Amino acid sequence: MIKRKIADLDLRQIAESGQCFRMVQKSEGVYAVSAFEKYLEIEQKGDLFFFSCTEKEFEETWEDYLDLHTDYGAIKKSVDEEDAYLQEAVREGWGIRILRQDLWEMIVTFLVSQNNNISRIRKSIELLCHTIGEEQYTGDGVKYYAFPKPEAVVRAGMEVLSTLGLGYRDKYIFRTAQAVLDGSLDLEMLRAADYETAHRELVKQYGIGKKVADCICLFGLYHIEAFPVDTHVKKILETHYPEGFPHDRYKGYAGILQQYMFYYDLKAAA
DNA sequence: TAACAGGAAGTAC
DNA sequence: GTACTTCCTGTT
């Protein structure tokens with residue numbers, strides 16, 4: 001168990017921001033997350049955080065996962081003071097960060113996300129992990145499931161995938177897993193590529209369009225210049241930025257601002 | 001109940 | 001290139 005004081009971080013906001021689907025609330029201020037075949041519980045008390053891991057694991061995995069090396073205070077400060085909408089969105093989602101999540105997990109997750117809603121996405125991903133993910137235990141004996149690798153997806157086959165309630169998305173996942181195994185989709189190449197190249201390669205894949213590719217670039221490759229436009233963001237842009245979003249002002253990190261806006265819109269709808 | 005949900009593929013022009 | 005339809009299924 002280690003303790004840290006961290007600014008610009010709120011677990012509830014991140015868990016509900018639609019960028020990750022395996023961070024669940026255990027109790028008031030306590031969240032559990034499974035990523036990179038590891039499991040972590042975090043308790044938040046204001047800007048104080050308690051992590052259920054060793055110093056070593058924190059530095060090797062979770063510090064980076066939570067993007068703690070990025071100065072979100074500076075990003076929020078850069079927001080145009082005249083832009084009342086964006087100011088309000090940032091005030092509402094002040095503790096959001098872009099998690100540095102696993103690429104393969106994000107590919108599958110955002111394939112599932114298409115024409116879908118958050119609660120159902122969460123259930124589908126959890127069922128997928130429970131059904132074909134590897135069963136694992138923490139040092140304290142807490143059981144959890146790792147996210148299934150491409151090998152596990154191919155091994156399961158369409159027979160199993162089709163029972164998971166994924167709808168027509170099951171074949172996208174199966175064929176993408178096959179593509180990773182046969183080398184036609186090279187994850188290492190994607191990790192090394194710049195945003196434009198990664199996006200171009202991703203949309204070649206069956207089931208991955210422009211929007212899903214942008215989500216994968218933003219959440220799976222940390223290309224924070226990627227700016228996914230879904231139906232919600234499209235409406236936001238039409239309503240608040242009829243002249244177009246000021247991409248020039250926020251060149252290189254517009255994706256982070258997209259996340260504040262998306263979360264704000266989600267909260268407004270609730 | 002029928003429509004909808006953080007899109008993409010397939011088809012028709 | 002752009003417009004339109006269809007695709008699975010849990011939820012409301």
Side-chain angles (χ1 to χ4, degrees), chain A residues 12-24 85 89 92-93 96-99 101 103 105-132 153 156-179 184-185 198-241 245 254-270:
Chain A
R12 183 185 58 79
Q13 289 172 19
I14 291 178
E16 294 175 2
S17 70
Q19 61 171 306
C20 65
F21 300 89
R22 298 200 73 195
M23 187 181 281
V24 296
Y85 175 76
E92 188 75 21
I96 290 176
R97 285 168 179 266
I98 305 294
L99 300 179
Q101 302 182 79
L103 174 58
E105 180 172 336
M106 291 303 98
I107 290 174
V108 175
T109 298
F110 286 96
L111 276 173
V112 173
S113 81
Q114 64 181 257
N115 206 9
N116 213 337
N117 57 65
I118 292 181
S119 67
R120 190 179 159 206
I121 296 167
R122 193 172 276 127
K123 284 175 187 168
S124 289
I125 295 298
E126 238 13 73
L127 185 57
L128 182 68
C129 293
H130 276 248
T131 309
I132 64 174
V153 172
M158 282 302 296
E159 299 76 25
V160 174
L161 288 179
S162 64
T163 66
L164 300 180
L166 297 164
Y168 57 85
R169 307 162 193 84
D170 53 9
K171 59 182 178 294
Y172 296 160
I173 295 169
F174 182 69
R175 281 177 58 172
T176 305
Q178 280 185 316
S184 57
L185 181 61
H199 192 276
R200 190 170 58 245
E201 288 303 311
L202 282 166
V203 295
K204 288 180 185 170
Q205 197 54 226
Y206 181 60
I208 300 179
K210 196 172 180 305
K211 187 268 174 182
V212 168
D214 269 326
C215 286
I216 295 168
C217 284
L218 180 57
F219 303 123
L221 292 167
Y222 198 74
H223 286 306
I224 53 177
E225 67 265 51
F227 191 88
V229 178
D230 55 42
T231 58
H232 290 199
V233 173
K234 186 164 177 287
K235 278 180 196 156
I236 292 170
L237 296 180
E238 285 166 358
T239 307
H240 300 281
Y241 301 97
F245 188 74
I256 295 181
L257 301 175
Q258 183 268 8
Q259 196 59 196
Y260 288 123
M261 294 192 288
F262 183 81
Y263 177 78
Y264 184 47
D265 195 66
L266 218 57
K267 290 291 115 179

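Since the structure is predicted, the reported quantities are computational estimates derived from the model, not experimental observations. Convention: sequence-line order gives letters A, B, ...; per-chain numbering from 1.
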Integer-rounded Å distance: C:dT6 C1' and A:Gln114 CD: 13 Å
Note, A:Val233 side chain near A:Phe227 side chain (heavy atom, < 4.5 Å): yes
Atom pair CD (A:Gln114) and CD1 (A:Ile208), whose distance is rounded to the nearest 0.5 Å: 9.5 Å
Gap separating the SG atom of A:Cys217 from the CD atom of A:Glu225, nearest 0.5 angstrom: 8.0 Å
Touch class at under 4.0 angstrom, heavy-atom based, for A:Ser17 against every strand present: base
Minimum side-chain heavy-atom gap A:Phe21-A:Gln101 below 4.5 Å: no
Between B:dA9 (P) and A:Arg169 (CZ): distance, integer Å: 13 Å
Whole angstrom value for the distance that separates C1' of C:dC7 from CG of A:Asp170: 11 Å
Between P of C:dC8 and CE of A:Met158, the distance in whole Å: 9 Å
A:Lys171 side-chain N/O to C:dC8 phosphate OP1/OP2 under 4.0 Å: yes
Rounded distance in Å - CD1 (A:Ile173) to P (B:dG7): 15 Å
Close side-chain approach of A:Val24 to A:Glu126, heavy-atom, < 4.5 Å: no
Residue whose closest nucleotide on DNA chain B lies nearer the 5' end, A:Tyr172 versus A:Asn116: A:Asn116
Between P of C:dC4 and CG of A:Asn115, the distance in whole Å: 18 Å
Touch class at under 4.0 angstrom, heavy-atom based, for A:Gln258 against every strand present: nothing
Donor-acceptor pair (no angle test) under 3.5 Å: A:Tyr168 side chain, B:dG7 base: yes
A:Lys204 NZ to B:dA9 C1', straight-line distance once rounded to whole Å: 18 Å
Could you list, one pair per line, each protein nitrogen or oxygen that sits under 3.5 Å from a nitrogen or oxygen of nucleotides 10-12 of chain C, together with the distance?
from, atom 1, to, atom 2, distance (Å)
C:dT11, OP1, A:Lys123, NZ, 2.4

Reported OG1-to-CG distance for the pair A:Thr109 and A:Leu128, which is rounded to 0.5 angstrom: 8.5 Å
Under-3.5 Å donor-acceptor pair between A:Lys211 side chain and B:dG6 base: yes
First encountered from the 5' end of DNA chain B, between A:Val203 and A:Pro228: A:Pro228
Sugar-phosphate, base or nothing in reach of A:Gly18, heavy atoms under 4.0 Å: base
Aromatic ring pairing A:Tyr85/A:Tyr264, orientation class (parallel under 30°, perpendicular over 60°, tilted between): tilted
Touch class at under 4.0 angstrom, heavy-atom based, for A:Gly167 against every strand present: base
Inter-nucleotide P distance (C:dA3, B:dG6), Å rounded: 24 Å
Sugar-phosphate, base or nothing in reach of A:Ile208, heavy atoms under 4.0 Å: sugar-phosphate
Residue pair A:Leu266 / A:Ile118, side-chain heavy-atom distance below 4.5 Å: yes
Nucleotide nearest A:Phe262 (side chain, heavy atoms from C-beta), chosen from B:dG7, B:dA9, B:dG6: B:dG6
Whole-Å P distance, B:dT1 and C:dG10: 15 Å
Minimum side-chain heavy-atom gap A:Asn115-A:Arg169 below 4.5 Å: yes
Spacing of A:Leu111 atom CG and A:Tyr206 atom OH [to the nearest 0.5 Å]: 11.0 Å
Separation of atom NZ in A:Lys210 from atom C1' in B:dA8, rounded to whole Å: 13 Å
Side chain to side chain, A:His199 and A:Lys210, heavy atoms closer than 4.5 Å: yes
Pairing annotation in dot-bracket form, given for DNA chain C with Watson-Crick or G-U pairs under 3.5 Å and | for cross-strand partners: |||||||.||||
